[in-house]
There are 2 protein chains.
Amino acid sequence: MATIGDVAREAGVSRSTASYALSGKRPISEEVRLRVLAAAEALAYTPNAGARALATSQTKVLGLLAQFHEDEFAPAMMQYILGVTDTARDLGYDTLLVTEADGARALRRITDSRMVDGVVLMNIAQEDSRLPILRAAPQPGALVGLPGDCSGLDVFDLDFEEAGRGMVDHLHRLGHRELILVSQPEHVVERGGAYVWRLRDAALERARQLGVTLHAVYGASRQPAVGRLLNALLDAHPSATGLLINNEAAAAALPSVTYERGLRVPEDLSVIGRYSAEFAATFSLPYSFIESAPDRLGAMAVRQLVRRVESAAARSEPFVVRFISPELVSRGSTAPPKAPPVR
Amino acid sequence: MATIGDVAREAGVSRSTASYALSGKRPISEEVRLRVLAAAEALAYTPNAGARALATSQTKVLGLLAQFHEDEFAPAMMQYILGVTDTARDLGYDTLLVTEADGARALRRITDSRMVDGVVLMNIAQEDSRLPILRAAPQPGALVGLPGDCSGLDVFDLDFEEAGRGMVDHLHRLGHRELILVSQPEHVVERGGAYVWRLRDAALERARQLGVTLHAVYGASRQPAVGRLLNALLDAHPSATGLLINNEAAAAALPSVTYERGLRVPEDLSVIGRYSAEFAATFSLPYSFIESAPDRLGAMAVRQLVRRVESAAARSEPFVVRFISPELVSRGSTAPPKAPPVR
DNA sequence: CATAACTGTCGAACCGGTTCGACGATAACG
DNA sequence: CGTTATCGTCGAACCGGTTCGACAGTTATG
């Protein structure tokens with residue numbers, strides 16, 4: 001494999017001249033520049049990444065820490081990952097994907113060893129053991145997901161509070177007065193998945209303000225448990241006219257449940273979900289939903305991260321916490337309730 | 001950040017001694033060894049990955065090239081990726097995930113620059129433009145998927161021929177004499193997805209041998225097209241008693257189709273799929289299926305790759321093409337056909 | 001016309017590890 | 001007791017880039 005020394009020799013110049021000719025960081029005569037370029041081309045020269053990293057302290061690699069929990073919906077993760085890898089590549093970076101269970105140790109490994117120029121963290125927990133390590137690391141970091149303490153980091157997330165309020169508002173405007181909210185399973189919450197209660201608490205608060213009854217429950221993550229749960233809920237609250245779903249598995253299971261019960265959507269039951277457009281397409285879900293835009297979030301995180309990586313000025317800017325406003329994608333699964341709410 | 005020079009100074013020894021004390025590659029007195037270890041601990045020393053890579057020509061990183069096509073089923077990919085990243089980590093390697101559309105260029109970039117010690121390729125096409133590059137690369141490579149030309153590479157895949165034969169045999173034994181096979185969409189084939197016709201041609205051949213009628217058709221990749229297609233097929237072949245599905249989207253769509261048509265499985269229709277257990281669980285599919293074991297394939301590829309990376313002897317061993325034998329996971333979705341086949 | 005500024009190139013140092021050869025001290029050997 | 005291994009350590013070189021300072025030659029400036 002050719003080194004820059006080989007290129008220099010082939011072009012009849014010194015190593016430093018070859019380097020400058022290739023990088024353009026100093027003026028080099030047109031004639032020499034072309035000779036060096038030709039030599040590099042002829043020898044199929046590619047700089048050695050390790051050597052360059054050593055000399056420049058830049059690896060052009062970003063770390064991506066993702067965690068996979070058995071009980072969470074793995075396919076959804078793919079969208080986030082693609083948002084990150086594709087955007088990173090556009091900006092000239094490769095992506096080191098780390099899925100180790102012990103995220104804190106993995107983070108320490110890749111930052112201390114200088115394998116990466118920056119890190120994106122996903123599956124953020126309320127109290128996330130990786131955050132102190134990331135704050136202390138020499139590389140900048142960005143989070144996809146909102147932790148309890150955002151200090152010292154750039155944070156990107158869907159505005160789950162607004163999503164919760166939006167769902168309730170929407171159905172209230174149509175005349176609904178009794179709703180059910182199915183959240184993620186309880187262990188997601190126990191693990192620190194704050195987005196679950198952020199949406200739920202905001203929805204409950206808004207419902208209270210509007211005088212709407214809202215039954216908020218934890219869901220399950222798998223069939224057949226989640227199907228049974230949905231049936232039990234509809235049995236338990238026969239007068240509820242609207243269903244809010246912040247749980248992928250429940251959304252995927254709902255069509256068969258309504259079908260079996262002979263419920264028509266939206267005539268008998270209005271439904272709003274919260275998931276990604278990709279997810280909706282994959283499962284061909286017929287419900288209006290609040291788009292969680294995983295690819296956009298991943299892309300935003302990477303762009304901000306790269307800004308900080310590449311500019312000392314950007315590195316000293318104040319940290320941002322940026323929420324994507326929820327957008328309701330209408331699929332016609334909501335309508336005024338059949339029986340006017342006289343209660 | 002502490003370097004090995006800092007550790008050496010702190011321990012009062014030379015840099016080389018510190019290096020030997022940490023690596024154990026030369027005998028070092030117990031006393032000095034402990035001093036060095038203590039110094040390293042105190043300074044939170046972690047070797048610089050770039051410097052180590054430069055000195056040893058080993059990065060302890062594997063490349064993983066995956067391609068995402070709009071019309072393929074993205075969630076399934078996640079399983080392969082996890083199989084690779086988890087196994088790599090167990091063996092001491094991190095994973096560089098590359099999802100670039102131009103896979104050949106990406107492959108050249110990461111191999112020429114020596115960012116990785118080896119490469120795993122996924123989504124292998126019959127004529128795959130990445131293969132010549134991988135063969136010429138200085139790093140070893142492993143494929144998950146069978147290309148037209150396997151020379152010079154280790155290849156791992158499900159035995160799709162055997163899977164096709166197994167499906168036909170199974171239903172033939174139960175007494176079925178007319179079957180339908182739904183494959184992936186035609187453009188997957190056009191793109192070089194050989195596994196589609198490997199399964200189909202083997203199934204057709206076996207059906208011919210057994211005197212079974214087999215209607216083999218391309219499927220669609222999305223709803224509602226795939227649902228319409230299933231309905232059209234069942235309309236067109238009312239006497240068919242068994243359905244073989246080599247198409248994730250079709251498998252996911254089938255329950256609602258049978259439900260709407262009032263078909264009972266297996267009483268009115270026997271069904272066998274080909275997908276992963278994880279997929280079956282996610283969509284809670286009630287069908288017997290041939291397990292495609294993506295995580296196992298990813299793990300096998302990585303293990304072989306690492307063997308070649310780490311041992312010169314292994315590097316000169318002959319290349320392997322290894323097929324996982326299909327395993328039928330029974331979910332009770334097949335039974336003898338209702339009307340005995342008198343035709 | 002002397003001086004300053006600029007242009008284009010080179011040599012040397014550096015990034016942070018690993019590894020080879022040498023060397024003094026100690027132990028084993030005949 | 002002299003010779004040879006062995007042990008433990010050090011200095012130096014190397015991996016393959018980048019970058020700083022110097023310098024010769026040319027052009028602009030006062």
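Just so it is clear: chains get the letters A, B, ... in the order the sequence lines come, proteins before strands, and each one is counted from 1. Just so you know, these numbers come straight off a predicted model, no measurement behind them.
To the nearest 0.5 Å, atoms CG (B/L64) and OG1 (B/T99) are separated by 10.0 Å. Here A/R322 contributes atom CZ and A/D157 contributes atom CG; the two are 13.5 Å apart, rounded to the nearest 0.5 Å. The CG atom of A/L96 sits 10.5 Å away from atom CG of B/L62, with the distance rounded to the nearest 0.5 Å. Taking CZ of A/R135 as the reference point, atom OG of A/S151 lies at 4.0 Å (rounded to 0.5 Å). Interatomic distance, CD1 of B/I124 versus CG of B/L146, reported as 9.0 Å (0.5 Å rounding). Summarising the geometry, atom CG belonging to A/D112 is positioned 8.5 Å from atom CG belonging to A/L107; distances are rounded to the nearest 0.5 Å.
At the phosphate of D/dT18, neither OP1 nor OP2 sits under 4.0 Å from any side-chain N or O atom of A/K25.
The nearest whole Å value for the distance from the NZ atom in B/K60 to the C1' atom in C/dG17 is 16 Å. A/L54 has its CG atom 12 Å from the P atom of D/dT19, to the nearest Å. A straight line from CZ of B/R52 to P of D/dG16 spans 18 Å, rounded to a whole angstrom. If you take CG of B/N48 and C1' of C/dG17, they are 8 Å apart, rounded to a whole angstrom. Separating the CD atom of B/Q58 from the C1' atom of C/dT19 is a distance of 15 Å, rounded to the nearest angstrom. The interatomic distance linking B/I4 (CD1) with C/dT19 (P) rounds to 11 Å, in whole Å.
The main-chain N or O of B/L97 is never found under 3.5 Å from a side-chain atom of B/T95 such that the two would form a donor-acceptor pair.
Of all the residues in residues 106-119 of chain A, not one reaches under 4.0 Å from DNA chain D with any non-hydrogen atom.
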Letter per nucleotide, 5' to 3', of nucleotides 8-14 of chain C [B base touched, S only sugar-phosphate touched, - untouched; heavy atoms, 4.0 Å]:
SBBB-B-
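Applying the 6.0 Å contact sphere to CD of A/E41 captures no more than 12 heavy atoms from other residues, nucleotides or ligands. Within 6.0 Å of CZ on A/R109 lie more than 12 heavy atoms contributed by other residues, nucleotides or ligands.
Two end axes, each from the C1' atoms of five base pairs, can be drawn for the helix from C/dC1-D/dG30 to C/dG30-D/dC1; they diverge by 50°, to 10 degrees.
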Restricting both atoms to N or O, compile the protein contacts to nucleotides 23-27 of chain C shorter than 3.5 Å, with distance only.
none

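Within the structure, the salt bridge (Lys or Arg N to Asp or Glu O under 4.0 Å) test picks out no pair touching residues 42-59 of chain B (sequence neighbours left out).
The side chain to side chain contact (heavy atoms under 4.5 Å, CB included) test with B/T87 singles out one residue from B/V84, B/T85, B/L91, and that residue is B/L91.
Using a 4.0 Å cut-off between charged nitrogen and carboxylate oxygen, B/D86 and B/R89 do not count as a salt-bridge pair.
For B/Y93, there are no ring pair (Phe, Tyr, Trp, His ring centres under 6.0 Å) partners two or more places apart in sequence or in a different chain.
Heavy atoms of B/S19 sit under 4.0 angstrom from at least one base atom.
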